[in-house]
Amino acid sequence: MTERAVLHIKGRVLVGPDDVRDELWAVDGRVTFERPAAEPSATLTGWALPGLVDAHCHVGLDAHGAVDRDTSEKQARTDRDAGTLLIRDAGSPADTRWIDDRDDLPKIIRAGRHIARTRRYIRNYAHEIEPGDLAAYAAAEARRGDGWVKLVGDWIDRDAGDLTACWPGDALAEAIAAAHAEGARVTAHCFAADSLPDLLAAGIDCVEHATGLTEDLVPAFVERGVAIVPTLVNIATFPRLALGGEAKFPAWSAHMRRLHARRYETVGAAHDAGIPIYVGTDAGGSLAHGLVAEETLELTKAGLTPLEALAATTWSARAWLGRPGLTEGAPADLVLYEADPRTDLRVLAAPAHVVLNGRVV
């Protein structure tokens with residue numbers, strides 16, 4: 001008989017914000033709270049959390065488009081070593097399905113490839129199409145992905161010299177209905193406000209960045225249960241982007257600066273109204289991987305309590321994505337810290353141990 005692999009976790013196991021256990025075991029890669037007959041091969045101590053969630057990340061993507069496997073693996077390892085063990089990949093042109101066969105890399109929930117309007121997004125990133133094809137592409141990406149589809153809701157319109165909505169409302173309604181019929185949820189990249197009313201009316205499930213969220217739109221987000229993933233570490237780059245485009249697109253540049261200036265106020269108003277908010281870094285493209293701790297702290301600057309921000313990258317985020325935390329029989333994906341992250345989020349930047357599928361990595 002083959003000996004079962006057992007890892008013992010002791011200290012404070014944060015199954016939920018108020019559900020704290022003294023210990024758990026990882027047996028053959030799965031969580032159990034019942035002491036196994038076999039002796040553990042190792043015992044780790046500390047404050048244990050479910051593996052962190054980055055709900056907006058891009059593995060397989062850099063500033064120029066798809067990257068090779070070695071680069072994708074390096075990106076995934078960087079996120080893993082920062083404690084991110086579950087990623088919602090919010091659009092990538094690279095095929096990263098091979099990662100699913102690796103038990104030493106984070107688990108990925110894919111949204112397929114971005115769907116954008118022709119010449120209205122970053123080159124080599126998206127399917128670039130016209131509105132008449134949107135529903136067909138949304139259905140196809142729903143079948144390719146892991147329950148999500150990613151639309152580009154707005155981008156700079158060079159003729160207008162500013163951010164404008166990319167899609168007419170009827171095309172959005174048809175596309176989102178097609179994705180829903182395939183069992184997928186739909187999210188959209190949105191910086192400005194213009195695209196949001198049509199997306200809401202069409203049944204969007206989530207909005208990325210959401211810097212254009214205005215007071216008059218907040219009730220509709222609440223009524224429809226639409227979540228936001230603010231990616232504040234990415235929004236911090238807006239002033240640099242604005243400076244680079246100021247000479248050619250002054251209106252866009254000024255708009256980006258305004259969105260940046262009220263970023264904390266925008267997220268704070270969403271939080272106060274009860275809009276679900278989750279941690280996402282927008283890693284990939286031009287942004288570094290491994291920023292989940294920094295993004296979690298950013299949410300507290302917008303008014304979330306440390307515990308709310310922590311939930312947005314652990315318990316609440318996993319529930320939203322339909323993935324288990326530290327529950328009986330779940331994959332033993334967890335991170336240990338030397339202090340209580342509920343009271344000091346800064347400890348998230350220094351994991352003491354990362355355990356993936358019951359193995360210390």
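We number each residue from 1, following the sequence as shown.
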**Study point:** Passing candidate, salt bridge (Lys or Arg N to Asp or Glu O under 4.0 Å) with Asp146, options Lys107, Arg97, Arg185, Arg323
**Key:**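 Result: among Lys107, Arg97, Arg185, Arg323, Arg97 is the only option passing the salt bridge (Lys or Arg N to Asp or Glu O under 4.0 Å) with Asp146.
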
Which atom pair, heavy atoms only, marks the closest approach of [X] to [Y]?
| X | Y | result |
| --- | --- | --- |
| Ala94 | Val67 | CB-O, 4.3 Å |
| Leu336 | Ile9 | CD2-CG2, 3.9 Å |
| Cys190 | Leu199 | SG-CD1, 3.3 Å |
| Leu321 | Arg88 | CD2-CD, 3.9 Å |
| Ala210 | Ile228 | CB-CG2, 3.8 Å |
| Pro106 | Thr84 | CG-O, 3.5 Å |

Within the side chain of [X], is there an N or O that forms a donor-acceptor pair under 3.5 Å with the backbone of [Y]?
| X | Y | value |
| --- | --- | --- |
| Glu295 | Val233 | yes |
| Asp205 | Val186 | yes |
| Lys150 | Ala90 | yes |
| Asp54 | Ile87 | no |
| Asn357 | Gly29 | no |
| Tyr125 | Asp62 | yes |
| Thr313 | Leu310 | no |
| Arg117 | Cys166 | yes |
| Arg80 | Leu105 | no |

Check the surroundings of atom [atom1] in [X]: do more than 12 heavy atoms from other residues, nucleotides or ligands lie under 6.0 Å from it?
| X | atom1 | result |
| --- | --- | --- |
| Glu338 | CD | no |
| Glu215 | CD | no |
| Arg346 | CZ | no |
| Tyr137 | OH | no |
| Glu128 | CD | yes |

Would the [X] and [Y] ring centres measure less than 6.0 Å apart?
| X | Y | value |
| --- | --- | --- |
| His56 | His209 | yes |
| His114 | His127 | no |
| Tyr337 | Trp47 | no |

Check your understanding: What's the verdict on ring pair (Phe, Tyr, Trp, His ring centres under 6.0 Å) for Trp148 and Trp320, showing C-alpha distance, side-chain angles and the deciding distance?
Key -> CA-CA 12 Å; Trp148 283 91; Trp320 178 58; 5.4 Å; yes

For the residue pair [Y] / [X], report whether a side-chain donor-acceptor contact shorter than 3.5 Å exists.
| X | Y | value |
| --- | --- | --- |
| Thr164 | Asp194 | no |
| Ser253 | Arg257 | yes |
| His271 | Glu308 | yes |
| Asp282 | His58 | yes |
| Thr231 | Glu208 | no |

Within the 4.5 Å heavy-atom criterion, are [X] and [Y] side-chain neighbours or not?
| X | Y | result |
| --- | --- | --- |
| Arg263 | Leu232 | yes |
| Arg110 | Ile99 | yes |
| Leu151 | Thr187 | no |
| Val360 | Leu7 | yes |
| Arg318 | Pro50 | yes |
| Pro230 | Ile235 | no |

Point to revise | With sequence neighbours excluded, residues passing side-chain contact (heavy atoms from CB on, under 4.5 Å) with Ser41 | key: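 Expected list: none.
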
Exercise for review: Step by step, work out the side chain to side chain contact (heavy atoms under 4.5 Å, CB included) result for Val53 and Val279.
Suggested key: CA-CA 7 Å; Val53 177; Val279 166; over 6 Å; no

Review point. Would you call the rings of His260 and Phe238 parallel, tilted or perpendicular, where under 30° means parallel and over 60° means perpendicular?
Key: tilted

Exercise for review: Evaluate side-chain hydrogen bond (donor to acceptor under 3.5 Å, both in side chains) for Ser92 paired with Arg113, printing each intermediate quantity in order.
Suggested key: CA-CA 5 Å; Ser92 176; Arg113 189 172 186 176; over 6 Å; no

